[in-house]
Participant: 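Before I ask anything, here is the structure I am working with.
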Amino acid sequence: MHKLNQRQREAVRYHEGPLLVLAGAGSGKTGVIAHKIVHLIDACEVEPANIAAITFTNKAAREMRERVRTLLGKRNVKPWISTFHTLGLRILREEHEALGYRRGFSILDAGDCAGLLADLMRRDSPGTDIAVPQVQQAISAWKYAMVPPDAVALDAPSPAESLAARCYAPYCDALMTFNAVDFDDLIMGPVRLLREDPEVLERWRARIDFMLVDEYQDTNLSQYELVRLLVGEHQRLTAVGDDDQSIYAWRGARPENIAQLQTDFPRLKVVKLEQNYRSSGIILKAANTLIANNPHVFEKKLWSEHGFGDKIRVVALNTEHDETERIANDILHRKLMHGGGFADFAVLLRSNHQARLFERAFRERDIPYVLSGGRSFFDYAEVKDCVCYLRLLANPDDNNALLRIINTPRRTIGTATVKVLVDVAAESGLSLLETALDERFRLRVSPQVGRRVGEFATWLTRFQREHEATPPPDAFATLLADIGYDDWLEQTAENEKAAERRKENVAELSRWIARIYARDEERTTADIVAALTLFDIADRQDDNADFDGVALTTLHAAKGLEYPHVYLAGFEENLLPHRSSIEQDTIEEERRLAYVGITRAKRSLTLTFCRTRKRYGQLESCEPSRFLDELPADELAWDGRVTDAAANRETGRGTLDQLKRLLQT
DNA sequence: GAGAGTTGAATTTTT
DNA sequence: TTCAACTCTC
């Protein structure tokens with residue numbers, strides 16, 4: 001506690017009513033939340049289990065848990081620290097019956113849902129050129145805005161939206177029959193229930209004495225609603241956020257939820273954390289000046305006790321090729337001059353495709369790097385297969401899972417057979433697994449086919465029954481042996497190396513299952529599959545946590561991280577701000593994105609832009625970002641022949657005018 | 001079930 | 001331009 005500054009202490013100690021902590025970048029907010037949890041336990045005698053601290057990502061939750069554990073020392077108490085979705089799952093698990101779900105319901109990830117939707121879209125409009133993600137996003141948007149299928153207008157202006165509207169209800173119905181939920185349902189379901197059932201609402205309110213919400217500016221409508229409902233009249237809520245770091249509006253985040261707090265909680269107290277412990281004075285000045293161009297409900301200005309530091313370098317390059325070379329060489333040069341590791345450097349990008357050139361430049365120079373994003377563990381086919389088997393064990397109605405594995409490993413059950421199975425299931429109202437053993441299905445296929453499908457269904461049903469009481473890790477091992485999965489991986493892999501990798505993935509999954517089971521909170525197969533799905537093995541990336549490489553990451557993925565030396569590449573119009581944001585007039589969010597990028601830097605910041613860049617294989621001329629003009633000119637050190645961004649733009653405009661005039665005459 | 005050919009996307013992405 | 005994903009065919 002003595003390590004905290006006065007504002008931080010105030011935020012920790014105040015618990016009498018609703019509190020909003022406006023935590024600027026690098027102001028130590030995780031520490032504040034962690035200290036507050038401990039303060040509530042120690043000084044306010046709140047029951048640890050009745051404290052709910054909610055984050056957005058598993059990573060944030062893990063960090064929070066670790067901080068709290070360090071502060072608590074040897075004491076073994078467990079405040080509830082989880083993501084929004086895990087909180088939703090916790091409620092749904094206990095209340096699933098009220099919402100019409102059966103035991104062991106499945107959680108479908110985005111990929112599963114996309115497949116399901118693609119199917120529904122094909123059925124509605126064969127040969128449509130509307131992309132699945134578009135429809136998926138529209139439906140997701142309705143869900144997190146709490147708009148039910150029957151409230152959606154079918155005659156939407158755009159074809160994509162009206163297709164989404166037509167698919168919305170069937171999509172929800174399909175999930176219901178599969179006894180499955182998607183990620184949005186994990187929030188929406190509990191909200192619906194808490195709204196409709198006062199008794200359930202009371203029960204959950206009684207279980208939560210104090211709520212803390214991290215990254216509050218990222219909450220969407222249904223998440224805010226969940227918080228509001230659970231907090232109830234006693235209003236013991238601490239929301240921590242920064243409206244200037246809201247960069248997820250495009251996926252439903254409502255930075256206005258921050259201002260909304262004042263309306264919904266008139267007694268709201270506001271504490272601003274403005275002391276920054278990360279960056280040099282010049283970097284903060286740049287950040288402050290830039291973000292001052294956005295409208296604000298609460299004014300905020302970062303300051304620090306660090307020195308003023310080096311000026312911000314602005315480098316103009318001719319091509320994007322020059323840009324990557326320049327940055328790569330610069331990193332090598334600096335490392336040589338000042339020592340330190342590669343991990344002290346980060347190249348921040350607006351979009352993923354910018355990364356490719358950097359990868360090449362880094363490889364040419366043997367610069368180790370870590371790329372953000374990338375493939376998830378669960379994208380591997382073999383991992384998906386295994387998870388589907390587990391899902392099916394927990395939830396025999398999970399048709400989606402059954403379709404994936406009915407012929408994996410090969411059981412000579414082809415598409416034609418599956419189609420008959422699906423048709424009969426639709427007619428009879430049975431699940432696919434039940435249909436497989438049903439007379440009506442057998443009459444429609446040849447005896448051999450009927451026997452093959454029947455064998456599989458019988459085996460699965462029996463396995464399920466016999467292993468109901470088996471610890472899931474053991475059941476999984478037996479299952480793999482029964483289906484001869486390792487053999488199949490070997491047979492189908494292109495080479496030995498690939499086979500080894502795939503088998504290792506399965507082995508790793510087994511280890512995860514064992515590890516989750518050992519946590520003692522998740523006992524059933526359904527619990528474990530849910531944990532796997534919501535978890536996404538983010539910890540894998542942490543394996544490389546001590547890997548010494550340059551961070552090559554998007555601005556979005558860099559949020560919450562910090563680096564001594566930051567390069568912001570592509571500081572150009574049409575890239576930052578992005579072209580589509582200019583078109584859609586969402587410049588403010590782009591400005592916040594630039595702000596997030598700038599505030600990642602501790603000691604040095606370099607902004608680069610190119611005069612030309614290839615787009616769709618065509619050379620286009622570029623202008624420096626308008627945000628360059630919004631930075632304090634005195635603190636910029638220009639490198640390259642261009643000395644003034646505004647002047648540069650003027651000349652560009654002048655030439656354009658001349659061209660226009662030429663064309664007119 | 002593999003290989004060739006075609007088509008489409010290039011803004012951000014966690015759960 | 002370039003790559004990935006999907007489709008079609010044998």
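Order of the sequence lines sets the chain letters (A, B, ...), proteins ahead of strands, with each chain counted from 1. The shown structure was predicted, so the numbers you read here are calculated from the model rather than taken from an experiment.
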Participant: Is A/H556 stacked on the base of B/dT13, with ring centres under 5.5 Å apart and planes under 30° apart?
Facilitator: no
Participant: Please tell me whether A/Y517 and A/R523 have a donor and an acceptor in their side chains that are separated by less than 3.5 angstrom.
Facilitator: yes
Participant: Nearest whole Å is fine: how far is B/dT15 P from A/L534 CG?
Facilitator: 9 Å
Participant: Indicate, with a heavy-atom threshold strictly under 4.0 Å, whether A/S351 touches base, sugar-phosphate, or nothing.
Facilitator: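 Sugar-phosphate, no base atom in range.
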Participant: Check whether the ring centres of A/F56 and A/F84 lie less than 6.0 Å apart, and answer yes or no.
Facilitator: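 Under 6.0 Å, so yes.
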Participant: So if I take every side-chain heavy atom of A/A557 and compare against B/dT15, B/dT13, B/dT11, which nucleotide ends up nearest?
Facilitator: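 Closest nucleotide to the A/A557 side chain: B/dT13.
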Participant: Contact class for A/N352 vs. all strands (heavy atom < 4.0 Å): base, sugar-phosphate, or nothing?
Facilitator: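 A/N352: backbone/sugar contact only, no base atoms under 4.0 Å.
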Participant: Mark yes or no: A/R592 above the aromatic ring of A/Y595, with NZ or CZ under 6.0 Å from the six-membered ring centre and no more than 45 degrees from the axis.
Facilitator: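 No.
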Participant: Tell me: NZ of A/K559 to P of B/dT12, nearest whole Å?
Facilitator: 16 Å
Participant: Under 3.5 Å, which N/O atoms of the protein pair with N/O atoms of nucleotides 5-9 of chain B?
Facilitator:
none

Participant: Output the rounded distance in Å from CD (A/Q134) to P (B/dA10).
Facilitator: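 Taking atom P of B/dA10 as the reference, CD of A/Q134 is at 11 Å.
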Participant: Looking at the base of B/dT12, is there any donor atom on it, or on the side chain of A/R350, that sits under 3.5 Å from an acceptor on the other one?
Facilitator: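 Per atom types, the contact qualifies.
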Participant: To the nearest angstrom, how far is A/Q217 atom CD from B/dT12 atom P?
Facilitator: 20 Å
Participant: Please work out if A/R613 contacts a base, only the sugar-phosphate, or nothing of the nucleic acid, heavy-atom cut-off 4.0 Å.
Facilitator: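 Nothing: the residue A/R613, judged by heavy atoms under 4.0 Å, touches no strand.
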Participant: Students often mix this up, so state it plainly: with edges at 30° and 60°, are the rings of A/F105 and A/H96 parallel, tilted or perpendicular?
Facilitator: tilted
Participant: Using the rule for Phe, Tyr, His and the six-membered ring of Trp, do A/Y248 and B/dT12 stack at under 5.5 Å and under 30°?
Facilitator: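 No.
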Participant: How long is the line joining CG of A/L92 and C1' of B/dT15, in whole Å?
Facilitator: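 Rounding to the nearest Å, CG of A/L92 and C1' of B/dT15 are 14 Å apart.
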Participant: Do the side-chain N and O atoms of A/E630 and A/N293 include a donor-acceptor pair separated by under 3.5 angstrom?
Facilitator: yes
Participant: For A/E256, give me all partners under side chain to side chain contact (heavy atoms under 4.5 Å, CB included), at least two apart in sequence or on another chain.
Facilitator: A/R254
Participant: Can you figure out which of B/dG1, B/dT15, B/dT13 approaches the side chain of A/R410 most closely?
Facilitator: B/dG1
Participant: Rounded to whole angstroms, how far apart are CG on A/D112 and P on B/dT15?
Facilitator: 16 Å
Participant: Using the salt bridge (charged side-chain N to carboxylate O under 4.0 Å, His left out) criterion, which residues pair with A/R411? Sequence neighbours excluded.
Facilitator: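 Per chain and number, A/R411 pairs via salt bridge (charged side-chain N to carboxylate O under 4.0 Å, His left out) with no residue.
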Participant: Could you check whether A/Q584 gets within reach of a base, just the sugar-phosphate, or nothing at all, counting any heavy atom under 4.0 Å?
Facilitator: base
Participant: Could you state the CG-P distance from A/L357 to C/dT1, rounded to the nearest angstrom?
Facilitator: 15 Å
Participant: Regarding A/R356, tell me which of base, sugar-phosphate or nothing describes its non-hydrogen contacts under 4.0 Å with the strands shown.
Facilitator: sugar-phosphate
Participant: Check whether any side-chain N or O of A/T554 sits under 4.0 Å from OP1 or OP2 of B/dT11, and answer yes or no.
Facilitator: no
Participant: Rounding to a whole Å, what distance do you find between A/K59:NZ and B/dT13:P?
Facilitator: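 Going from NZ in A/K59 over to P in B/dT13 covers 13 Å.
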Participant: Could you pull out the closest heavy-atom pair between A/V132 and A/A114, with the gap in Å?
Facilitator: CG1-O, 3.5 Å
